Amino acid sequence: MVNFLIFGPPGSGKGTQSVRLAEKFNLAHLSTGDMLRAEIAAGTELGKRMSSIMSKGELVPDEVVIEMIAARIDGTKGKDGFLFDGFPRTVDQTVALEKMLNKRKMKIDSMLVLDVDHDELVKRLIGRAELSGRPDDKDPAVIENRIDVYKEKTEPIIEYCRKKGIYKPINGMGSIEDIFVRLSDYMKKFL
Ligand code: ADP
């Protein structure tokens with residue numbers, strides 16, 4: 001099993017690339033954002049509690065996403081590894097993920113970080129709002145908050161992973177296809 005984190009600020013294209021990469025390399029694509037939106041769409045109690053946090057662009061509590069991920073790791077069969085998208089988002093979530101993987105004789109093999117200019121991020125998110133219907137993409141103030149939360153709570157994971165020698169920055173500017181080629185050229189060395 002080979003396990004990748006795909007990282008980058010909101011609008012960096014993680015979700016789009018993850019779907020394609022998971023298919024190419026037979027990885028289980030685990031997106032906590034998708035899981036949370038599914039809870040909201042299903043009208044569950046958890047979904048109701050999380051939706052107001054998400055619509056402000058804040059992070060949901062660590063325990064919520066850690067529990068969701070643990071359930072998915074154990075429920076996955078027949079894949080060559082995991083591609084974690086939008087998780088971990090805090091250093092505490094990273095430590096929890098490492099523990100979960102270690103217990104199952106696995107590790108985080110590589111952290112891929114998509115680098116995208118700030119102006120390009122905002123442009124992409126506003127463009128996406130029309131198609132996705134996501135409330136957190138509609139309001140420019142919420143977009144700015146998500147980018148700030150990323151810088152404050154999520155970016156410290158980069159330093160944590162850099163020290164472990166698993167950090168790999170990838171240029172996230174250009175066409176979807178170009179970025180896909182950059183990511184897959186790097187990832188294929190592990191598989
Ligand atoms: P994006 O990368 O575009 O912000 P996501 O779909 O990954 O979108 O996440 C949407 C929202 O879901 C986040 O702004 C946050 O409120 C919540 N969320 C998703 N994953 C996590 C996580 N690992 N920890 C805390 N909150 C999360």
Side-chain angles (χ1 to χ4, degrees), residues 3-22 28-42 44 46-73 82-101 108 111-158 160-161 170 172 176 179 183:
N3 303 307
F4 299 95
L5 309 183
I6 185 155
F7 252 71
S12 58
K14 300 180 300 270
T16 308
Q17 297 294 340
S18 295
V19 171
R20 304 183 59 175
L21 293 165
H29 172 209
L30 301 190
S31 158
T32 43
D34 287 351
M35 292 173 203
L36 289 163
R37 281 185 290 277
E39 294 282 336
I40 295 173
T44 65
L46 179 72
K48 282 184 198 136
R49 280 193 283 127
M50 297 306 122
S51 79
S52 66
I53 303 178
M54 291 169 69
S55 63
K56 290 187 215 122
E58 297 295 329
L59 296 184
V60 309
D62 285 344
E63 315 80 71
V64 170
V65 283
I66 290 167
E67 216 168 284
M68 285 178 156
I69 289 285
R72 297 301 177 99
I73 290 181
F82 290 98
L83 179 57
F84 295 97
D85 161 15
F87 177 90
R89 252 179 164 93
T90 62
V91 172
D92 285 350
Q93 289 179 23
T94 314
V95 173
L97 176 63
E98 285 185 309
K99 278 200 192 129
M100 272 186 248
L101 292 174
I108 303 169
M111 175 210 217
L112 309 153
V113 183
L114 291 171
D115 290 325
V116 180
D117 296 347
H118 180 272
D119 289 356
E120 172 73 14
L121 294 176
V122 176
K123 205 173 84 192
R124 287 187 195 173
L125 287 168
I126 289 171
R128 181 171 87 182
E130 318 234 315
L131 301 167
S132 73
R134 274 177 54 171
D136 59 345
D137 285 346
K138 286 211 175 72
D139 181 344
V142 172
I143 290 181
E144 289 297 342
N145 190 40
R146 283 157 63 203
I147 296 172
D148 288 348
V149 168
Y150 175 79
K151 288 199 179 127
E152 187 196 331
K153 305 223 166 93
T154 306
E155 262 184 1
I157 306 172
I158 293 180
Y160 182 87
C161 287
I170 302 272
I176 291 176
I179 301 164
L183 285 162

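As the structure is a computational prediction, the values presented were derived from the model and not from experiment. Worth knowing before you read on, the calculation uses all heavy atoms, side chains too, and leaves out hydrogens, waters and symmetry mates. As the structure lists them, so they are numbered: ligands from 1, and atoms in each ligand from 1.
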query: Is the count of non-hydrogen atoms from other residues, nucleotides or ligands lying under 6.0 Å from E58 atom CD greater than 12?
result: yes
message: Just checking R20: does its CZ atom have more than 12 heavy atoms from other residues, nucleotides or ligands closer to it than 6.0 angstrom?
response: yes
- prompt: Hey, is D148 close enough to K151 for a salt bridge, meaning N to O under 4.0 Å?
  reply: no
For [atom], what's the nearest protein heavy-atom neighbour? Residue, atom name and distance, please.
{"atom": "atom 20 (N) of ligand 1", "result": "T32 OG1, 2.7 Å"}
{"atom": "atom 8 (O) of ligand 1", "result": "R134 NH2, 3.1 Å"}
{"atom": "atom 18 (N) of ligand 1", "result": "L36 CD1, 3.5 Å"}
{"atom": "atom 24 (N) of ligand 1", "result": "Q93 NE2, 2.9 Å"}
{"atom": "atom 26 (N) of ligand 1", "result": "V60 N, 3.1 Å"}

Report, in ascending order of atom number, the atoms of ligand 1 lying under 4.0 Å from any heavy atom of [X].
{"X": "G86", "answer": "20 (N), 21 (C), 22 (C), 23 (N)"}
{"X": "G33", "answer": "5 (P), 6 (O), 9 (O), 19 (C), 20 (N)"}
{"X": "R128", "answer": "3 (O)"}
{"X": "L59", "answer": "25 (C), 26 (N)"}

task: Tell me, with the steps shown, if V65 and L59 meet side-chain contact (heavy atoms from CB on, under 4.5 Å).
output: CA-CA 10 Å; V65 283; L59 296 184; over 6 Å; no
query: Hey, are the side chains of T32 and V60 touching, using non-hydrogen atoms and a 4.5 Å cut-off?
result: no
For [X] versus [Y], what's the shortest heavy-atom pair and its separation?
{"X": "H29", "Y": "S18", "value": "NE2-CB, 3.2 Å"}
{"X": "F84", "Y": "F87", "value": "CB-O, 3.2 Å"}
{"X": "P88", "Y": "I157", "value": "O-CD1, 3.6 Å"}

Does [X] reach ligand 1, in the sense of a heavy atom lying below 4.0 Å from it?
{"X": "K56", "result": "no"}
{"X": "K14", "result": "yes"}
{"X": "I53", "result": "no"}

field: Partner set under salt bridge (Lys or Arg N to Asp or Glu O under 4.0 Å) for R124, not counting sequence neighbours
entry: E120
Please list, one pair per line, the donor and acceptor atoms closer than 3.5 Å that link side chains of residues 47-55 to other protein atoms, with sequence neighbours excluded.
{"residue": "S55", "atom": "OG", "partner": "S51", "partner atom": "O", "Å": "3.2"}
{"residue": "S55", "atom": "OG", "partner": "S52", "partner atom": "O", "Å": "3.0"}

Residue selection (non-hydrogen contact nearest atom 9 (O) of ligand 1) among M54, R146, R89: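 Shortest heavy-atom distance from atom 9 (O) of ligand 1: R89.
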- prompt: So which of R124, M35, E58 gets nearest to atom 16 (O) of ligand 1, if we judge by its closest heavy atom?
  reply: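 Minimum heavy-atom distance to atom 16 (O) of ligand 1 goes to E58.
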query: Under 3.5 Å between some N or O of ligand 1 and some N or O of S31?
result: no
